[in-house]
Peer 1: 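Could you have a look at this structure, given as structure tokens, before my questions?
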Amino acid sequence: MRNRSVAVSALATVLVLACASAVQAEYVEQRPGYHFTPPEDWMNDPNGPMYLNGLYHLFYQSNPFDPWWATMHWGHAVSTDLFHWQHLPIALSPDQTYDANGVFSGSATIIEDGMPVLMYTAVDDSNFETQAVAYPANISDPFLTNWTKPYFNPIVPDGILPDFVDPYNVRDDTTAWNGNGGAWFALIGAKLDYPNTTNVNVSYGGALLVTSAAYGGLSKWEYVKVFHTNTYGGDMWECPDFYPVNRSDPNSLWVMKASANGGDTWATFHYSPASQKLTLASNDIAYDEYQAYDLGWSFYASKSFYDPLIQSQVVFGWLREEDNDATTRGWASAQTVPRVVSLDTDGVSILQNPHPNILSLRSNNVTYTNLPVSSNMPYRLPLIADQADIEFSVSLPYPLPSSEIERVMTPEMVLKRYNMTVSNDSIIYGVNVRVSNGGEESTPLYFAIDPSALSADAIAKAAPASPFIAQFGFTRTSSSQTNQGSTTPINGHVKVDRPTGSQGSITFSMRALVDHSVVEVFVQGGRVRATGRIYPVRADSMFIEVFSEQTIASQSINIKAYQLLDSMPAPPIP
């Protein structure tokens, strides 16, 4: 086990500095310890996650020969808990004429009699995209190591899709679900080309609905209709997903997700399996920032599956690298921690939070309640870790009299210090992660709160049921002393519940998962997710700090921080 998180007191900082040279090389590779990574070479989209016969399976897009994208294969790993993984041989390779240019993304479906079927996009040597299936070569093998492609592939007959579907951009099958009369249904992402009045095509992304007969092994599919599209979700929807939030409720809302415009975006629907009718419940896909699966550019091409052990839908997302050092490291990309999807209190929005099995990785920890953080004096926790699970919250009086706000630094100085792009009069609270001993490297995660919106007058004018809007973000200008990786900030807005009644307190909270080059944050109970890659190069960049750039007499700052153990296999020895 690569245990690179060591508990020490603040007085033992010198020990970290003393061992810096010995471990410097390990920090160059930036490999996460508990986020899924390939053993080596390239990985992108998660494919076909499923739980079967006591094992979780995760497949993924893979170039098993080099640490960059090329002709795609399906990598494969298994786990008993979604964190401790065993890598297996490549599951699918581009070895047929219809998939000679790549075995692209798809899903796994467990059909009648418990048989798993992999559906994937096959790309031939002319880059024509169609769909194919694979079956276990030996269903009694618990690892499902080997897969076979049937003679009748591809499974979507030529000519059945409408002319407006671009045949070079129709891919990424969803997991199939049982619908009307026991038939199977699935979605395929597509680029839809419609001629306009000037005979120039206008393209929109969309999801195609296809169907296959019951007890047919998903061996032949027929086109039904364009299931959903809109005019602001880009010109191609990749990696669609469609699933009920609560499978035990026949009236459950369904989530549709599309990877579009460079990010993953969602909407919830009322769905009738009998009529295949959709009715929007939330705002539509790509409508605004609140429809983002994740605010970070790194997050893309997510895929979900149903976890029967917790009776919830679970999502993995591909985390793209944000530097150019994969060739040197010999591997590229990670997956998010598995995220559990649930419904928010508004009844139409989704929450995402880490799978509860991550708790088994928690180790040494510190807890502070009502932490006395002074303005301009960050509090450094007596815990150092480059793998951490941090729960942070700040509660403020509601309403907040301006007379209670004491500032030491001018707002302009605060924004410059943390490279923030927020209103000058914002009040700032946050957590600094991957901080070096002298502050040369750091990544601040922060709330920026408009104090005027918490005044008694503003509260009196606000609708009681309307959420308070705050800004959350993290900056990466100082994440790497050698300027590795992106310095683009990640930020957005988050809805915060107001207290009932005219007086009380309002709480802003986040949970941050830090794992070497990954920072994954869940804000306000998972209402907003923000993930980014950082690339600290200093061996002492393992401190955690709490900061507040003002003092409010009745503020309450609370934090729990845990070291997290490694769960991935040790990487190959060069």
Peer 1: Hey, could you give me the CG/CE distance between L187 and M256, rounded to the nearest 0.5 Å?
Peer 2: 5.5 Å

Peer 1: With respect to F242, which candidate in W237, W266, W177 satisfies the ring pair (Phe, Tyr, Trp, His ring centres under 6.0 Å) definition?
Peer 2: W177

Peer 1: What are the two closest heavy atoms between F305 and P49, and how far apart are they?
Peer 2: CB-O, 3.1 Å

Peer 1: Looking at residues at least two apart in the chain, or sitting in another chain, which of them share a side-chain hydrogen bond (donor to acceptor under 3.5 Å, both in side chains) with S105?
Peer 2: D45, N47

Peer 1: Holding to ring pair (Phe, Tyr, Trp, His ring centres under 6.0 Å), I want the full list of residues that pass it with F83, two or more places apart in sequence or in another chain.
Peer 2: none

Peer 1: Look at D497 together with R527 and state whether they make a salt bridge at an N to O cut-off of under 4.0 Å.
Peer 2: yes

Peer 1: Between CD1 of I350 and OG of S342, what distance do you get to the nearest 0.5 Å?
Peer 2: 8.5 Å

Peer 1: Got a sec, which pairs hit side-chain hydrogen bond (donor to acceptor under 3.5 Å, both in side chains) with one end in residues 158-168, sequence neighbours left out?
Peer 2: D166-N169

Peer 1: For S466 and A463, indicate whether the former's side chain and the latter's backbone hold a donor-acceptor pair under 3.5 Å.
Peer 2: yes

Peer 1: Is the ring pair F59/W74 parallel, tilted or perpendicular, if the boundaries are 30 and 60 degrees?
Peer 2: tilted

Peer 1: Measuring from atom CH2 of W318 to atom CG of D264, what distance do you get when rounded to the nearest 0.5 angstrom?
Peer 2: 10.5 Å

Peer 1: Ignoring hydrogens, what is the shortest heavy-atom contact between D124 and N101? Give both atom names and the distance.
Peer 2: O-CB, 3.2 Å

Peer 1: Going from OG1 on T109 to CG on D173, what distance comes out if it is rounded to the nearest 0.5 angstrom?
Peer 2: 8.5 Å

Peer 1: Pick one: which of H84, H87, H35 meets side-chain contact (heavy atoms from CB on, under 4.5 Å) with M568?
Peer 2: H87

Peer 1: Cation-pi between R320 and Y300: NZ/CZ under 6.0 Å from ring centre and within 45° of the ring axis?
Peer 2: yes

Peer 1: Assess whether side chain to side chain donor-acceptor pair (under 3.5 Å) is satisfied between Y271 and Q276, documenting all intermediate values.
Peer 2: CA-CA 7 Å; Y271 165 61; Q276 299 303 325; 2.8 Å; yes

Peer 1: State whether Y204 and K191 meet the cation-pi test: NZ (Lys) or CZ (Arg) under 6.0 Å from the six-membered ring centroid, and within 45° of the perpendicular axis.
Peer 2: no

Peer 1: Can you list the steps and then say if K495 with E289 is a salt bridge (Lys or Arg N to Asp or Glu O under 4.0 Å)?
Peer 2: CA-CA 12 Å; K495 299 175 181 178; E289 65 173 296; over 6 Å; no

Peer 1: Please report the shortest heavy-atom distance between H228 and I285, naming the atom on each side.
Peer 2: CD2-CD1, 4.5 Å

Peer 1: Honestly, is R529 close enough over F522, meaning NZ or CZ under 6.0 Å from the six-membered ring centre and within 45° of the axis?
Peer 2: no

Peer 1: Looking at R171, E238, Q131, which hits side chain to side chain donor-acceptor pair (under 3.5 Å) with T121?
Peer 2: Q131

Peer 1: Provide the closest heavy-atom pair for A388 versus Y34 in the form atom of the first, atom of the second, distance.
Peer 2: O-OH, 3.4 Å

Peer 1: Is the Lys NZ or Arg CZ of R339 less than 6.0 Å from the centre of F316's six-membered ring, within 45° of the axis?
Peer 2: no

Peer 1: At what distance, to the nearest 0.5 angstrom, does CD1 of I155 lie from OG of S219?
Peer 2: 8.0 Å

Peer 1: Show me the donor-acceptor pairs, under 3.5 Å and distance only, between side chains in residues 207-218 and residues at least two apart or in other chains.
Peer 2:
| from | atom 1 | to | atom 2 | distance (Å) |
| --- | --- | --- | --- | --- |
| T211 | OG1 | W184 | O | 2.9 |
| S212 | OG | K220 | O | 2.8 |

Peer 1: Atom CG of N153 and atom OH of Y98: how far apart are they, to the nearest 0.5 Å?
Peer 2: 3.5 Å

Peer 1: Determine whether the side chains of R247 and S252 contain a donor N or O and an acceptor N or O closer than 3.5 Å.
Peer 2: no

Peer 1: Apply salt bridge (charged side-chain N to carboxylate O under 4.0 Å, His left out) to K149 and list each qualifying residue two or more places apart in sequence or on a separate chain.
Peer 2: D95, D99

Peer 1: Using the test side-chain hydrogen bond (donor to acceptor under 3.5 Å, both in side chains), find all partners of Y135 that sit at least two apart in sequence or belong to another chain.
Peer 2: none

Peer 1: Applying side-chain contact (heavy atoms from CB on, under 4.5 Å) between W147 and each of V133, N138, L92, report the one that passes.
Peer 2: L92

Peer 1: How close do T531 and E520 get, counting heavy atoms only, and between which atoms?
Peer 2: OG1-CG, 3.3 Å

Peer 1: Ignoring hydrogens, what is the shortest heavy-atom contact between T268 and S282? Give both atom names and the distance.
Peer 2: N-OG, 2.9 Å

Peer 1: Under 3.5 Å, side chain of Q387 to main-chain N/O of L564, donor-acceptor pair present?
Peer 2: yes

Peer 1: Under 3.5 Å, is there a donor-acceptor pair linking the side chains of D81 and N357?
Peer 2: no

